[in-house]
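Here the structure is laid out as structure tokens; the discussion comes afterwards.
Values reported hereafter were calculated over all heavy atoms of this structure, with side chains retained and with hydrogens, waters and symmetry mates removed. In this chain, numbering begins with 1 at the start of the sequence shown. Note that this is a predicted model, so its numbers are computed, not measured.
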Amino acid sequence: MELDEKKYLYLLILIPIVVCIFLFNMYWKRRTQREFGDLEMVKRLSPEKSVFKPVLKIVVILLALTCLIIGLVNPKIGTKMETVKREGIDIVFAVDVSKSMLAEDVVPSRLEKSKQLVSQIINNLGSDRIGIVAYAGSAFPVLPITSDYSVAKMFLQSMSPGMVSSQGTSLDEAIKLSSTYFDEKSKTSKLLILISDGEDHSEGATAAAEEANKLGMKIITIGVGTEKGGTIPLKENGVVRGYQKDLNGETVITKLNQEGLKTIAKATKGGYVYGGSTKEVLEYVKNALNNIQKTEFEATQMAEFQSQFQWFIGFAFLLLFLDIFLLERKTSWIKELDLFNEKK
């Protein structure tokens with residue numbers, strides 16, 4: 001069961017308020033009758049007045065009010081369970097979060113551009129499962145394989161150079177960690193989308209890609225940055241305080257290395273695309289996915305929920321209709337039973 005409009009639950013506070021008003025009214029009437037005269041005399045002057053009927057009326061009104069509120073909340077009940085079959089592939093996004101990705105030769109920065117590209121690719125996926133890896137001098141698992149795209153994008157936006165302690169760019173570490181995301185025995189197609197400026201400070205990226213190819217992985221590389229390059233701003237609270245310098249005190253100029261990224265992609269018979277145009281990247285990835293064999297997944301889930309508000313609204317109106325006929329005088333057959341010892 002699920003509640004469609006939980007915001008209306010606060011209206012349940014009306015129940016104790018109505019009860020308090022009723023009790024105060026009963027107290028006020030009794031006090032007024034005492035001022036008017038002897039209670040026994042008042043009772044004899046109105047022999048048909050029922051003690052039970054006012055209580056019954058307020059109970060009916062409270063039930064009707066409760067049903068109306070529950071109707072507004074609109075409880076839904078799942079009517080059946082069914083197995084939903086989906087087709088897709090497993091995709092891991094490996095995002096470079098090294099300091100060189102802070103360069104702003106691509107607006108707003110290489111890293112932010114990478115996040116935008118991954119987010120847009122996710123928006124265009126169907127039933128594929130995805131995972132995320134962050135890497136710099138070492139690789140860090142961010143999100144395991146999942147079909148929850150909203151969670152993936154949330155983790156994606158939180159990525160920054162600070163999440164990986166070892167700086168530099170180690171593409172081979174990214175490929176090796178990404179390969180652990182996939183089940184070797186699974187027949188599901190495996191795709192690694194690696195986003196970087198290609199400045200590899202390690203050795204063995206091509207060898208790692210060749211090993212990945214043996215596991216059935218295909219790698220698509222996306223180059224972010226410019227061959228002209230750019231400086232790496234050092235910011236505090238969004239304000240530039242200086243620029244990254246090397247050991248000789250010279251300002252570092254980081255440049256896009258497309259050839260290294262193309263070599264990695266070629267090792268797995270994948271492909272390379274320049275990340276300058278989001279439209280071109282999306283079109284390239286779309287065409288690549290269309291040429292990859294999809295695997296059938298199975299997922300059991302609650303397939304259908306039906307609203308139940310009509311029953312509560314209907315019962316509420318029925319109770320309010322019955323309340324019209326509940327007069328405060330005694331009912332003859334109940335009077336004969338004398339359930340409340342009203343005969344004297």
Indicate if L156 and F93 have the same hydrophobic cluster label, given that clusters are the connected sets of ILVMFWY residues with side-chain heavy-atom separations under 4.5 angstrom. yes

Check for me, please, whether L65 and V60 land in the same ILVMFWY cluster - side-chain distances under 4.5 Å, paths through other members count. yes

Any side chain to side chain donor-acceptor pair (under 3.5 Å) pairs touching residues 254-267, not counting sequence neighbours? R110-T254, E199-T254, E227-Q258, Q258-Y272

Keeping to residues at least two apart or across chains, list the side chain to side chain donor-acceptor pair (under 3.5 Å) pairs with something in residues 216-226. D105-T226

Judged by modelled atom types alone, do [X] and [Y] share a side-chain donor-acceptor pair under 3.5 Å?
X    : Y    : result
T295 : K187 : no
T268 : N213 : no
D148 : T146 : no

Is it the case that over 12 heavy atoms from other parts of the model lie below 6.0 angstrom from the [atom1] atom of [X]?
X    : atom1 : answer
Q293 : CD    : no
K115 : NZ    : yes
F22  : CZ    : yes
K245 : NZ    : yes
I13  : CD1   : no
Q157 : CD    : yes

Would you say [X]'s side chain and [Y]'s backbone share a donor-acceptor pair under 3.5 angstrom?
X    : Y    : result
D172 : G204 : no
Y8   : N74  : no
N25  : I21  : no
K294 : I292 : yes

Ignoring hydrogens, what is the shortest heavy-atom contact between [X] and [Y]? Give both atom names and the distance.
X    : Y    : result
V133 : M159 : O-CE, 4.0 Å
R129 : I145 : CB-CG2, 3.6 Å
I222 : L261 : O-CD1, 4.1 Å
A152 : I130 : CB-CD1, 3.5 Å
L111 : S160 : CD2-CA, 4.1 Å
S178 : L192 : OG-CD1, 3.5 Å

What's the spacing between I195 CD1 and M101 CE if we round to 0.5 Å? 8.0 Å

With E210 via salt bridge (charged side-chain N to carboxylate O under 4.0 Å, His left out) - residues at least two apart: none

Would you sort out whether E211 and K214 count as a salt bridge (Lys or Arg N to Asp or Glu O under 4.0 Å), showing the intermediate values? CA-CA 5 Å; E211 286 299 316; K214 294 177 182 178; 3.3 Å; yes

